[in-house]
Amino acid sequence: MPSDLEDIRAAFEHQIALYGSVLVPDDSAPAPVADLAEPEAVTQPIAASAPIAPATRQTDQYSQINALIPADSPLLGMTSLEEVAHYVAHTKLIELDNSRQNPVFGAGHPTADLMVVGDAPGAEEDEKGDPFIGPAGQKLTQILKAIGFDREQVYITDVLKSRPPGDEHPTAEEFRGHLPILYKQISLIRPKLILCLGKTAGTVLLGLDTTLGAMRGTFHDYHGIPVLVTYHPAALLRNPNWRRPTWEDVQILRKKYDELTAS
Ligand code: URA
């Protein structure tokens with residue numbers, strides 16, 4: 001939907017202007033391919049190979065992201081995830097907030113080094129108020145396990161905190177309405193690394209207007225935070241051919257994580 005993408009781009013022009021160059025992934029030998037359906041067969045985390053680049057950990061990078069929140073939003077001054085979750089649960093920011101059973105705020109470690117971002121909750125998530133607990137969530141759990149993470153170690157959320165009725169593709173306006181919540185979550189959690197699941201999450205967060213194929217396989221610099229975009233786990237359920245590229249992506253993710261958390 002090109003007009004939606006244009007909308008998103010226009011809304012985030014100011015942040016696009018802040019993007020630096022694409023971070024170049026390590027060019028070490030490709031790791032073995034494993035079937036993401038069988039995490040137990042998969043390798044250990046890849047060892048750290050490089051120090052943290054100081055430029056990627058400037059203390060003000062999260063303030064920069066916080067500053068993307070509109071000045072008239074109460075989110076701007078909030079200082080804890082609990083406060084934000086309470087606000088989200090009790091505030092109707094967009095039309096979708098009226099039809100949800102529960103807000104799906106996010107779950108996991110409140111200061112996780114790795115943040116995982118999907119697009120929008122589905123039926124199971126809406127029923128329980130937890131992200132990624134349906135079939136796509138089980139696939140995500142498997143993917144994370146395959147690279148040595150428990151769900152509790154990372155922070156998992158979606159751009160949109162309310163389920164679109166009928167799982168319709170959300171509009172750019174809907175994403176825009178909830179995006180400041182994600183900015184706030186990033187600024188409070190302070191992840192060293194972000195994984196976007198699917199083209200939509202990559203498009204909305206990074207302001208990119210391109211194919212998933214063009215987005216994936218390399219790190220994007222989001223205010224100094226490396227962001228990797230890969231296939232959405234729901235896509236892997238539909239097409240097993242995408243497991244292999246996803247596996248390649250999450251291996252470079254793990255390697256980058258180890259580098260960034262080495263000290
Ligand atoms: N798909 C998503 O993007 N998020 C969920 O929470 C569930 C499915």
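Order of listing sets the numbers, starting from 1, for every ligand and every atom in it. Counting from 1, the numbers follow the sequence of the chain as shown. In this text the structure is predicted, and so the values were computed from the model without any measurement.
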Atoms of ligand 1 less than 4.0 Å from [X] heavy atoms?
X: P121; result: 5 (C), 6 (O)
X: P131; result: 6 (O)
X: H232; result: 1 (N), 2 (C), 3 (O)

Is the side chain of E125 donor-acceptor paired with the backbone N or O of I133 at a distance under 3.5 Å, no angle test?
-> yes
Give the intermediate values and the outcome of salt bridge (charged side-chain N to carboxylate O under 4.0 Å, His left out) for residues E124 and K128.
-> CA-CA 6 Å; E124 289 90 344; K128 296 276 184 331; over 6 Å; no
N/O separation below 3.5 Å, A120 to ligand 1 | yes
Could an N or O of ligand 1 be found under 3.5 Å from any N or O of F132, whether backbone or side chain?
-> yes
Got W247 and T230 here, is their nearest side-chain heavy-atom distance under 4.5 Å?
-> no
Anything under 30° is parallel, anything over 60° is perpendicular, the rest tilted; go ahead and classify Y257 against F149.
-> perpendicular
When you measure from atom 5 (C) of ligand 1 to each heavy atom in D158, I156, V116, which option holds the nearest one?
-> D158
After noting the C-alpha distance and the side-chain angles of D97 and R100, does the key distance pass the salt bridge (charged side-chain N to carboxylate O under 4.0 Å, His left out) rule?
-> CA-CA 6 Å; D97 299 340; R100 71 187 178 202; 3.3 Å; yes
Does even one non-hydrogen atom of D119 get within less than 4.0 Å of ligand 1?
-> yes
Decide whether T111 and H109 meet the rule of one side-chain donor and one side-chain acceptor closer than 3.5 Å.
-> yes
